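See below for the structure under consideration.
Not measured: the values here are computed from a predicted model.
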Amino acid sequence: MPGETFIAIYEIVKRIPMGKVASYGVVAKQLGINPRVVGYALHSNPEPGVIPCHRVVFKDGSLSKGFAFGGEDAQRELLEKEGIRFVSQSKVKSEYILN
DNA sequence: CCGTTGACCAGGC
DNA sequence: GGCCTGGCCAACG
């Protein structure tokens, strides 16, 4: 049973629209918490397929190595399938990042 | 209860 | 551009 903090994080992540991404820091700021806690919450990943955790990236657009399902490769595939383009193997274009 | 652990970030080199 | 460092704080054991 996750704490209320995690629940709030999952609700924010669910609101990220398809074809866009948000940084850990932006999600954290909406709740007034530390960005590291956001990563911690997504790592537990309680609802695979329901929570679009692949739409959360670093502030500079690069992907995390610790993605729970197959690492960066799996995450990149999911994002490309939504029409998101990359500037390098593991970094999305800044234009897709929400504030 | 307390020490450790991160899917982070900003700043410096 | 990359790598290192310190700080951050909820969750876990």
Side-chain angles (χ1 to χ4, degrees):
Chain A
M1 190 66 178
E4 297 181 21
T5 304
F6 279 24
I7 302 293
I9 293 170
Y10 301 138
E11 288 304 309
I12 297 292
V13 173
K14 283 179 182 174
R15 291 187 192 119
I16 303 174
M18 181 187 40
K20 294 286 183 181
V21 299
S23 72
Y24 297 92
V26 167
V27 173
K29 192 157 192 179
Q30 293 187 38
L31 300 169
I33 63 177
N34 194 292
R36 301 197 69 148
V37 178
V38 176
Y40 202 106
L42 294 183
H43 182 67
S44 72
N45 199 10
E47 302 181 71
V50 179
I51 302 169
C53 53
H54 60 283
R55 295 182 193 149
V56 184
V57 301
F58 286 159
K59 194 169 192 198
D60 67 352
S62 53
L63 306 183
S64 169
K65 299 162 249 186
F67 189 69
F69 300 94
E72 300 177 4
D73 298 327
Q75 186 175 8
R76 189 180 66 247
E77 245 185 70
L78 289 169
L79 292 175
E80 285 177 335
K81 197 159 71 173
E82 297 186 353
I84 292 177
R85 302 294 202 75
F86 283 67
V87 296
S88 71
Q89 269 299 310
S90 58
K91 189 168 178 179
V92 307
K93 289 189 177 181
S94 60
E95 57 187 286
Y96 295 105
I97 305 174
L98 297 174
N99 294 317

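- With respect to A:Arg55, the side chain to side chain contact (heavy atoms under 4.5 Å, CB included) criterion is satisfied by exactly one of A:Glu82, A:Lys20, A:Lys14: A:Glu82.
- Atom CG of A:Leu79 is separated from atom P of B:dA7 by 18 Å (rounded to the nearest Å).
- Counting heavy atoms from C-beta outward, A:Tyr10 and A:Ser44 have side chains that approach closer than 4.5 Å.
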Distances for protein N/O vs nucleotides 9-13 of chain B N/O pairs under 3.5 angstrom?
from: B:dC9; atom 1: OP1; to: A:Gly25; atom 2: N; distance (Å): 2.9
from: B:dC9; atom 1: OP2; to: A:Lys59; atom 2: N; distance (Å): 3.3
from: B:dA10; atom 1: OP1; to: A:Lys59; atom 2: NZ; distance (Å): 3.0

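- The hydrophobic clustering, which links ILVMFWY residues whose side-chain heavy atoms are closer than 4.5 Å, places A:Val21 and A:Leu63 together.
- In terms of modelled atom types and a separation under 3.5 Å, the side chain of A:Arg76 and the main chain of A:Gln89 share a donor-acceptor contact.
- The NE2-P distance, from A:His43 to C:dA10, rounds to 19 Å in whole Å.
- The nearest whole Å value for the distance from the OH atom in A:Tyr10 to the C1' atom in B:dA7 is 12 Å.
- Rounded to whole angstrom, the span from the CZ atom of A:Arg55 across to the C1' atom of B:dA7 amounts to 17 Å.
- Two residues, A:Tyr40 and A:Lys91, neighbour DNA chain C, and the one matched to the more 5' nucleotide by heavy-atom proximity is A:Lys91.
- Between the CD1 atom of A:Ile9 and the C1' atom of C:dA11 there is a distance of 11 Å, rounded to whole Å.
- A heavy-atom distance below 4.5 Å is found between the side chains of A:Leu42 and A:Tyr24.
- Here the side chain of A:Phe6 is nearest to one of B:dA7, C:dA10, C:dG7, namely C:dA10.
- Rounded to whole Å, the distance from CG on A:Leu63 to C1' on B:dC8 is 14 Å.
- Formation of a donor-acceptor pair under 3.5 Å by the A:Tyr96 side chain with backbone atoms of A:Phe86 is not found in this model.
- With a 3.5 Å ceiling on both atom-pair distances, the Watson-Crick or G-U wobble partner of C:dG13 is B:dC2.
- The side-chain heavy atoms of A:Val37 and A:Ile9, taken from C-beta on, include a pair separated by under 4.5 Å.
- Going from atom CD1 of A:Ile33 over to atom C1' of B:dC8 covers 11 Å, rounded to whole Å.
- Distance NZ (A:Lys65) to P (B:dG6): 13 Å, rounded to an integer number of Å.
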